[in-house]
Trainee: 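So that we are looking at the same thing, I have put the structure below in structure tokens.
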Amino acid sequence: MIRARVVVASNRAAAGVYTDTSGPLLVTGLRELGCDADDPVVVPDGEPVGQALRQALADGMDVVVTSGGTGVSPTDRTPEVTRTIIDREIPGIAEAIRAHSRAKVPASVLSRGLAGAAGRMLVVNLPGSTGGARDGLAVLGPILAHTVDQLRGGDHPRTDTEVYSDSDADEGSAR
């Protein structure tokens, strides 16, 4: 079972000015992907996001998806805080999320969201909109279980449809 947590970075939602809608959507989506996920954790942007990420790591989470704080406004600090927590970036995930959204929402290219590994935990920053949440889930769906397996130390499983040449085996190529 993949243990997942959603952290919503929103100054206004944390202050009770409005009710966040992206977090519950992400929790539902992660559950549909087979994850064990509790209700979202809502915190102000900035260091509270870092505290929530460190707590998720201490709690043994496999995946943390953040929502919000990835734009270009002065208060959007989630990528900066995330960068201090992760050990290795996985830029292809963030690039794929932006690319998936670009045709529908041209401003999606302004998202500065990151993805990376903190130890064996995957962290993915998503925009705070419900559309951004849906797009993030669409990209994560096909790769989530494999990514978590790899972070846990899993091997690249060989399927019957894969064909390896002798040179791949000799070079120790990973697919």
Side-chain angles (χ1 to χ4, degrees), residues 2-10 13 20-35 37 40-43 45-46 49-50 52-53 56-57 61-152 154 156-157 159 161-162 173-175:
I2 295 174
R3 296 184 63 211
R5 183 165 294 161
V6 173
V7 175
V8 175
S10 172
D20 169 71
T21 55
S22 65
L25 189 150
L26 286 167
V27 167
T28 298
L30 288 167
R31 287 175 181 163
E32 288 171 357
L33 291 173
C35 297
V41 175
V42 180
V43 296
D45 203 353
V49 174
L53 292 174
L57 190 58
M61 292 294 123
D62 297 302
V63 178
V64 175
V65 177
T66 69
S67 173
T70 64
V72 296
S73 80
T75 60
D76 288 329
R77 306 299 300 160
T78 297
E80 288 77 12
V81 172
T82 299
R83 189 168 274 118
T84 69
I85 305 296
I86 61 175
D87 306 310
R88 301 178 288 159
E89 285 192 39
I90 309 172
I93 295 174
E95 292 165 6
I97 293 166
R98 283 186 284 272
H100 183 84
S101 305
R102 187 174 49 234
K104 296 178 285 189
V105 182
S108 67
V109 300
L110 297 176
S111 173
R112 299 175 308 108
L114 301 176
R120 293 183 177 215
M121 181 177 78
L122 176 65
V123 180
V124 179
N125 298 153
L126 297 177
S129 66
T130 55
R134 283 187 196 94
D135 289 347
L137 288 168
V139 170
L140 288 174
I143 64 165
L144 187 60
H146 179 71
T147 306
V148 169
D149 180 62
Q150 291 293 290
L151 289 172
R152 288 175 176 168
H156 292 280
T159 66
T161 59
E162 287 183 297
S173 175
R175 293 193 185 218

Trainee: Taking only residues two or more places apart in sequence, or in another chain, which ones meet Thr82 in a side chain to side chain donor-acceptor pair (under 3.5 Å)?
Mentor: Asn125

Trainee: Applying salt bridge (charged side-chain N to carboxylate O under 4.0 Å, His left out), can you list everything that pairs with Asp76, at least two apart in sequence or on another chain?
Mentor: none

Trainee: Sort and list the pairs that fulfil side chain to side chain donor-acceptor pair (under 3.5 Å) and have at least one residue in residues 103-122, not counting sequence neighbours.
Mentor: Thr70-Ser111, Glu80-Arg112, Lys104-Asp135

Trainee: Going by side chain to side chain donor-acceptor pair (under 3.5 Å), name the residues that satisfy it together with Thr28, two or more places apart in sequence or in a different chain.
Mentor: none

Trainee: Just jot down the salt bridge (charged side-chain N to carboxylate O under 4.0 Å, His left out) partners of Glu32, sequence neighbours excluded, or say none.
Mentor: none

Trainee: If I take atom CG from residue Leu57 and atom CD1 from residue Ile86, how far apart are they, to the nearest 0.5 angstrom?
Mentor: 12.0 Å

Trainee: Identify, with sequence neighbours excluded, every residue that meets salt bridge (charged side-chain N to carboxylate O under 4.0 Å, His left out) alongside Asp45.
Mentor: none

Trainee: Mind checking what makes salt bridge (charged side-chain N to carboxylate O under 4.0 Å, His left out) contact with Arg88, not counting sequence neighbours?
Mentor: none

Trainee: In chain order, what residues pass the side-chain contact (heavy atoms from CB on, under 4.5 Å) check against Thr130, with sequence neighbours excluded?
Mentor: Thr21, Leu25, Arg134

Trainee: Around atom CZ of Arg102, are there more than 12 heavy atoms from other residues, nucleotides or ligands closer than 6.0 Å?
Mentor: no

Trainee: Checking side-chain contact (heavy atoms from CB on, under 4.5 Å) against Leu144, which of Leu122, Val65, Leu137, Asp149 comes through?
Mentor: Leu122

Trainee: To the nearest 0.5 Å, how far apart are CG in Asp62 and CG in Leu30?
Mentor: 11.5 Å

Trainee: Using the test side chain to side chain donor-acceptor pair (under 3.5 Å), find all partners of Glu89 that sit at least two apart in sequence or belong to another chain.
Mentor: Arg83

Trainee: Just jot down the side-chain contact (heavy atoms from CB on, under 4.5 Å) partners of Val139, sequence neighbours excluded, or say none.
Mentor: Ala96, Ile97, His100

Trainee: Ala115: what forms a side-chain contact (heavy atoms from CB on, under 4.5 Å) with it, not counting sequence neighbours?
Mentor: Ile93, Val124

Trainee: For Pro142, which residues count as a side-chain contact (heavy atoms from CB on, under 4.5 Å) partner, sequence neighbours excluded?
Mentor: none

Trainee: Roughly how far apart are Arg3 CZ and Met121 CE, rounded to 0.5 Å?
Mentor: 11.5 Å

